[in-house]
Amino acid sequence: MPRRFHDAEELLPPATALKRALAIIYDGLISIAVLLVATWAYTMVAGWITGWNQYEQMAEAGQISGDPALTFVLFLVLYLFFAYFWTRVGQTLGMQVWRVRIENLDGTSVSWTQALIRYVTAAAVLFLTLLASYYLSAATLFLSIPAMVALFYPINGLSVTDRLSHSVVVSLPKESGKKQSANR
């Protein structure tokens with residue numbers, strides 16, 4: 001059941017491109033930590049299942065350097081990380097710091113399907129950018145920067161990921177004076 005953040009009649013302003021970018025950078029750093037832990041857990045399980053001696057031999061021979069199962073697990077873990085926060089509170093940790101939230105136009109939380117659309121859209125553009133950088137090297141800047149800007153830059157308040165997932169990233173107002181007066 002979707003969570004209601006505010007009344008449907010209350011409209012919050014769309015988040016600025018700067019706030020979105022800062023939240024993305026913050027969440028990117030957190031994502032690195034999540035991926036490190038997930039990789040460690042995967043390695044422990046794979047080593048235990050395969051047998052540590054055989055797993056070490058496979059690693060030394062370079063047989064596990066391009067493990068598609070690890071890639072899938074990392075992709076899934078990162079989706080679950082983002083989707084959990086987006087569907088529950090509408091904010092990841094980076095979004096909380098910069099006071100932005102993903103929500104539907106009626107003020108409710110996004111669904112898991114909407115989160116999947118947002119995630120896959122961003123992942124596809126990132127994948128294509130990395131693929132282009134592999135084949136085109138420095139010329140990639142001419143492709144990747146406009147692609148990333150087009151993906152996340154809000155035009156009329158909505159980015160490509162917002163439009164495809166039928167959601168919006170809003171800027172949250174500063175906390176009211178109630179908490180400030182309660183602290184006195």
Side-chain angles (χ1 to χ4, degrees), residues 2-7 10-39 74-133 138-180 183:
R3 179 179 175 193
R4 178 158 297 284
F5 297 121
H6 57 81
D7 293 332
E10 181 183 1
L11 294 176
L12 297 175
T16 63
L18 179 63
K19 278 188 167 187
R20 287 174 183 247
L22 292 171
I24 288 169
I25 291 169
Y26 197 106
D27 284 333
L29 295 173
I30 295 169
S31 296
I32 291 169
V34 169
L35 293 176
L36 285 172
V37 171
T39 302
L74 295 179
F75 189 80
L76 182 64
V77 164
L78 211 52
Y79 163 68
L80 293 173
F81 170 76
F82 281 107
Y84 175 80
F85 283 105
W86 289 342
T87 59
R88 296 293 179 252
V89 292
Q91 298 173 294
T92 57
L93 299 173
M95 295 171 80
Q96 290 175 14
V97 169
W98 295 104
R99 292 194 326 267
V100 294
R101 179 176 56 219
I102 295 173
E103 60 183 39
N104 289 316
L105 294 174
D106 64 355
T108 58
S109 61
V110 296
S111 67
W112 282 86
T113 304
Q114 288 174 295
L116 181 63
I117 292 168
R118 292 185 74 87
Y119 181 74
V120 168
T121 303
V125 169
L126 183 61
F127 173 74
L128 292 175
T129 301
L130 293 174
L131 188 64
S133 70
T140 304
L141 293 176
F142 298 115
L143 299 172
S144 62
I145 291 175
M148 291 301 211
V149 168
L151 181 67
F152 295 112
Y153 188 79
I155 299 171
N156 294 330
L158 297 174
S159 67
V160 172
T161 54
D162 295 338
R163 292 176 198 279
L164 291 176
S165 66
H166 304 291
S167 60
V168 64
V169 178
V170 297
S171 185
L172 299 175
K174 292 184 179 181
E175 295 191 20
S176 63
K178 293 178 185 176
K179 285 190 177 181
Q180 292 174 354
N183 291 336

- prompt: Does the pair Asp27 and Thr92 meet the rule for a side chain to side chain donor-acceptor pair (under 3.5 Å), with working shown?
  reply: CA-CA 7 Å; Asp27 284 333; Thr92 57; 2.3 Å; yes
Evaluation steps, side-chain contact (heavy atoms from CB on, under 4.5 Å), between Arg4 and Asp106: CA-CA 8 Å; Arg4 178 158 297 284; Asp106 64 355; 4.3 Å; yes
query: Going from OG1 on Thr16 to CG on Leu22, what distance comes out if it is rounded to the nearest 0.5 angstrom?
result: 8.0 Å
task: Show your working on side-chain contact (heavy atoms from CB on, under 4.5 Å) between Leu80 and Trp112 and close with a plain yes or no.
output: CA-CA 9 Å; Leu80 293 173; Trp112 282 86; 4.1 Å; yes
task: Considering non-hydrogen atoms only, spot the tightest contact between Ser167 and Leu158 and give its length.
output: O-CD2, 3.8 Å
field: Minimum-distance pair of heavy atoms, taken over all atoms of Ala83 and Ala115
entry: CB-CB, 3.8 Å
message: Checking Ile102 against Arg118 for the side-chain contact (heavy atoms from CB on, under 4.5 Å) test, could you report, in this order, the C-alpha distance in whole Å, the side-chain angles of both residues, the deciding distance, and whether it holds?
response: CA-CA 10 Å; Ile102 295 173; Arg118 292 185 74 87; 3.5 Å; yes
message: Any non-hydrogen side-chain atom of Gln96 less than 4.5 Å from a side-chain atom of Val89?
response: yes
statement: Closest non-hydrogen contact found for Ser171 with Val100 is CA-CG1, 4.4 Å
- prompt: Looking only at heavy atoms, which two atoms of Lys174 and Arg99 are closest? And how far apart?
  reply: CG-NH2, 3.1 Å
- prompt: So how far is it from Leu164 CG to Thr121 OG1, rounded to the nearest 0.5 Å?
  reply: 5.0 Å
query: Is there any salt bridge (Lys or Arg N to Asp or Glu O under 4.0 Å) pair reaching into residues 88-98, and which pairs are they, with sequence neighbours excluded?
result: none
- prompt: Roughly how far, to the nearest 0.5 Å, is the CD1 atom of Ile24 from the CG atom of Leu29?
  reply: 12.5 Å
task: For the residue pair Trp98 and Ile25, establish whether any side-chain heavy-atom pair is separated by less than 4.5 Å.
output: no
- line: CG (Leu116) and CZ (Phe82) are apart, to the nearest 0.5 Å, by 13.5 Å
task: Mind checking the OG-CG spacing from Ser31 to Leu74? Nearest 0.5 Å is all I need.
output: 11.5 Å
task: Compute whether any side-chain donor of one residue and acceptor of the other, for Arg3 and Thr108, lie under 3.5 angstrom apart.
output: no
Closest contact, heavy atoms only, Met95 versus Gln91: O-NE2, 3.7 Å
field: Test applied, ring-ring contact (aromatic ring centres under 6.0 Å, His included); reference residue, Tyr79; option that passes from Phe85, Trp86, Tyr119
entry: Tyr119
query: Can you check whether Val110 reaches Ser165 side chain to side chain, under 4.5 Å on heavy atoms?
result: no
- line: Smallest heavy-atom separation, Arg20 atom then Ser159 atom, equals NH1-OG, 3.3 Å
Arg101 vs Leu12 side-chain heavy atoms within contact, under 4.5 Å: yes
task: Indicate yes or no for a side-chain donor-acceptor contact from Gln114 to the backbone of His166 under 3.5 Å, with no hydrogens or angles considered.
output: yes
